[in-house]
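Below is one structure, written out as structure tokens; comments come after it.
Chain letters run A, B, ... following the sequence lines, proteins first, then strands; residues in each count from 1. Quick caveat, the model's predicted, so the values are computed rather than measured.
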Number of protein chains: 2
Amino acid sequence: MSNATIYDVAGAAGVSLATVSRVLNSPEKVKEETRLRVLKVIKELGYRPNVIARGLASRKTTTVGVVISDITRASVSEMLGGIADIAEKYKYSIKLFTIHDEADVLDTLQNIVAEQVDGILYLNDELSDKDVELIKRMFNENKIPYVFANVATSDPIVPTVSIDYVKAGYEITKKLIEKNCKDIYLLSTARRYSVNDKKEEGYTKAMVEAKLEPMIFRTSGDTSINKPHFETFFADINVDGAIAVRDSIAVSFLNTAINNGKKVPENLKIAGFQNTKYATLSRPELTSIDIPVYDIGAVSMRLLTKLMQSQDVENTRIILPHRIINRESI
Amino acid sequence: MSNATIYDVAGAAGVSLATVSRVLNSPEKVKEETRLRVLKVIKELGYRPNVIARGLASRKTTTVGVVISDITRASVSEMLGGIADIAEKYKYSIKLFTIHDEADVLDTLQNIVAEQVDGILYLNDELSDKDVELIKRMFNENKIPYVFANVATSDPIVPTVSIDYVKAGYEITKKLIEKNCKDIYLLSTARRYSVNDKKEEGYTKAMVEAKLEPMIFRTSGDTSINKPHFETFFADINVDGAIAVRDSIAVSFLNTAINNGKKVPENLKIAGFQNTKYATLSRPELTSIDIPVYDIGAVSMRLLTKLMQSQDVENTRIILPHRIINRESI
DNA sequence: CTGAAAGCGCTTACAG
DNA sequence: CTGAAAGCGCTTACAG
């Protein structure tokens with residue numbers, strides 16, 4: 001079946017292999033009659049150019065590397081969906097790379113470069129500015145275009161697609177304040193993610209503006225760990241508002257609150273981040289900030305295609321809109 | 001940096017490029033002294049072999065293709081995690097392919113073959129036996145090893161890693177029957193997935209054995225669609241037990257039941273499939289069948305590595321264990 | 001143990 | 001518009 005090579009096609013069509021190659025890559029240079037004949041043979045033989053050989057000869061692999069740190073996080077698959085759809089549209093293949101240790105990040109990056117991808121998409125929300133600097137230098141040295149997706153960096157040069165997490169944190173906090181909450185906690189993660197830092201920044205700004213004291217409670221994203229944390233929390237803390245950096249944390253907090261006799265939203269208002277299925281499946285349903293994860297993936301990939309084709313890009317720092325989805329918990 | 005080629009290394013080490021290649025691929029054939037010298041130069045120059053050139057010359061790309069139909073499903077990312085971990089261990093790269101239309105499946109498969117991957121992992125739970133037949137033939141013709149992950153096929157030849165969905169469906173139904181439920185519904189999807197068919201098969205078997213009438217209610221996985229379905233359901237149906245093919249469907253059903261005055265588990269018992277976070281975040285917490293998604297990915301990938309290296313594999317149809325996680329909803 | 005040479009399946013100037 | 005030839009960066013028999 002499709003183990004025919006370009007020589008087989010050339011032979012059967014009575015042309016040289018150069019002409020077959022042109023039919024595929026710059027058809028306008030081939031006389032229509034010849035082109036049609038070659039195309040016919042290609043179809044009959046089920047010929048598909050060997051992508052590897054083409055990659056070596058042309059020095060373009062039409063492959064992008066997608067780098068992910070924690071692949072098991074739910075939002076990743078949705079973002080991959082956006083990436084895959086756009087990649088397909090522009091005929092790029094996707095190679096997946098996972099990074100575990102901060103330790104071997106450099107080694108992994110070198111491997112990725114050796115894989116000869118035409119561009120790189122870096123998905124990550126827990127990168128420090130130092131990491132970003134390292135990655136940036138690495139890719140620049142090898143002249144390989146890259147885009148960060150859903151990374152909150154302060155570097156003004158790095159191509160990024162994200163939302164404005166500071167603003168989102170600010171807005172949702174403001175909303176609770178307007179509803180007369182005074183003791184508003186931010187439920188964040190013990191591990192520092194750059195995007196959570198931004199949410200905290202927005203939260204803190206709103207609190208300080210309202211002359212309220214910012215209070216950040218750090219716990220784990222793992223329900224079995226945060227549940228006991230929240231139990232002790234309710235034992236001795238006054239709280240009438242809470243914003244969690246993830247929906248799942250918000251729902252876990254909400255359930256514990258109800259167990260402890262709190263009425264939501266009457267005397268405790270809760271909001272989450274990400275607007276996942278958790279938000280609609282909780283009782284009461286959760287107000288949450290919708291983050292266009294699919295779009296972040298798709299727009300990143302689109303931006304990367306432009307960069308790979310050296311197109312002029314007016315803006316390499318793209319902020320996508322978020323919005324608050326109002327439900328019953330506020 | 002790492003734009004050095006094998007020629008640069010050979011030159012700097014005073015050997016031929018063949019020797020450099022041997023140091024990398026069959027070091028035992030090279031005198032230790034020479035090997036050490038070459039290795040030193042490789043390190044100094046930061047040389048990494050061009051993966052594409054190697055792929056062309058050796059006809060092995062050390063890349064596996066992972067084919068996914070619905071990439072946005074939550075279980076996919078966990079399965080990818082298992083795949084990625086094992087792939088890394090055995091030094092394989094992962095190329096991702098998504099299939100949308102049943103229509104162009106053949107075309108996509110041909111593309112994948114043209115990508116010269118050494119093996120293919122097919123993740124899918126909605127394949128018909130006819131599709132499986134097609135895919136099988138395609139890959140066999142091109143002599144490319146493959147494994148189906150989480151696919152329920154009846155074909156006894158196809159390499160597969162999955163759980164016994166019939167048994168799981170049977171066991172959970174039996175459990176409800178033992179708890180004296182009589183009117184037990186299976187909440188399944190309108191769209192037919194092969195794994196859901198298996199769950200239905202097990203459910204039906206248990207019901208018939210107990211001389212109860214099997215009743216399958218088909219709805220959507222989308223909460224906004226199934227919620228109104230469930231509202232009308234409760235308007236005129238007697239039910240004291242329900243098994244949903246997914247946790248999210250179970251939780252949606254559970255919430256609607258409670259809204260309609262049902263007491264769970266007192267007069268309605270509910271179970272789900274997959275044991276996701278939804279199960280622990282619902283009130284009451286959901287009893288669910290745990291499916292080792294990460295393991296399915298990891299074991300599939302491991303099996304594929306064996307197949308790619310033409311190792312003798314005693315068993316190419318692997319059934320992983322599942323178990324019922326008992327919580328409050330039963 | 002090592003090197004010279006052919007070859008993997010393409011692309012792409014260079015002639016004509 | 002088309003063909004002959006060099007080359008992409010490796011691997012791998014084949015000699016020695």
- Item | Paired and unpaired positions of DNA chain C as dot-bracket, Watson-Crick or G-U wobble under 3.5 Å, | denoting a partner strand | |||.||||||||.|||
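Side-chain nitrogen and oxygen atoms of B:T19 include at least one within less than 4.0 Å of the OP1 or OP2 phosphate oxygen of C:dG3.
A:K89 pairs by the salt bridge (Lys or Arg N to Asp or Glu O under 4.0 Å) definition with nothing, not counting sequence neighbours. In terms of the side chain to side chain contact (heavy atoms under 4.5 Å, CB included) criterion, residue partners of A:V299 (sequence neighbours excluded) are, by chain and number, A:V161, A:I318, A:L320. Take B:T108 and apply the side chain to side chain donor-acceptor pair (under 3.5 Å) test, not counting sequence neighbours, and it matches no residue. Residues passing the salt bridge (Lys or Arg N to Asp or Glu O under 4.0 Å) test with B:E88: none are found, sequence neighbours excluded. Every residue meeting the salt bridge (Lys or Arg N to Asp or Glu O under 4.0 Å) condition with A:D197, not counting sequence neighbours, appears here in chain and number order: A:R192. Qualifying salt bridge (Lys or Arg N to Asp or Glu O under 4.0 Å) partners for A:K136, counting only residues two or more places apart in sequence or in other chains: A:E133, A:D155.
Residue B:V15 is the one, among B:L56 and B:V15, whose nearest nucleotide of DNA chain C lies closer to the 5' end (criterion: closest heavy atom).
Among the protein residues, A:K29 comes within range of the nucleic acid bases, having at least one heavy atom under 4.0 Å from a base atom.
We find that A:D295 and A:R302 are not joined by a salt bridge, their nearest charged nitrogen and carboxylate oxygen being 4.0 Å or further apart.
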- Message: Does the protein touch nucleotides 10-16 of chain D at the base, only the backbone, or not at all? Give it as B, S and - per nucleotide, heavy atoms under 4.0 Å.
- Response: BBBB---
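Under the side-chain hydrogen bond (donor to acceptor under 3.5 Å, both in side chains) criterion, the residue pairs touching residues 309-319 of chain B are B:T153-B:R317, B:T160-B:R317, with sequence neighbours excluded. Applying the ring-ring contact (aromatic ring centres under 6.0 Å, His included) test to residues at least two apart or on different chains, the pairs with a partner in residues 129-156 of chain A are A:Y122-A:F148, A:F139-A:Y146, A:Y146-A:F148. Within the structure, salt bridge (Lys or Arg N to Asp or Glu O under 4.0 Å) pairs that include any residue of residues 35-45 of chain A comprise A:K40-A:E44 (at least two apart or interchain).
Rounded to whole angstrom, the span from the CD atom of A:E115 across to the P atom of D:dG9 amounts to 16 Å.
Non-hydrogen atoms lying under 4.0 Å from DNA chain C are contributed by nothing in residues 32-43 of chain A.
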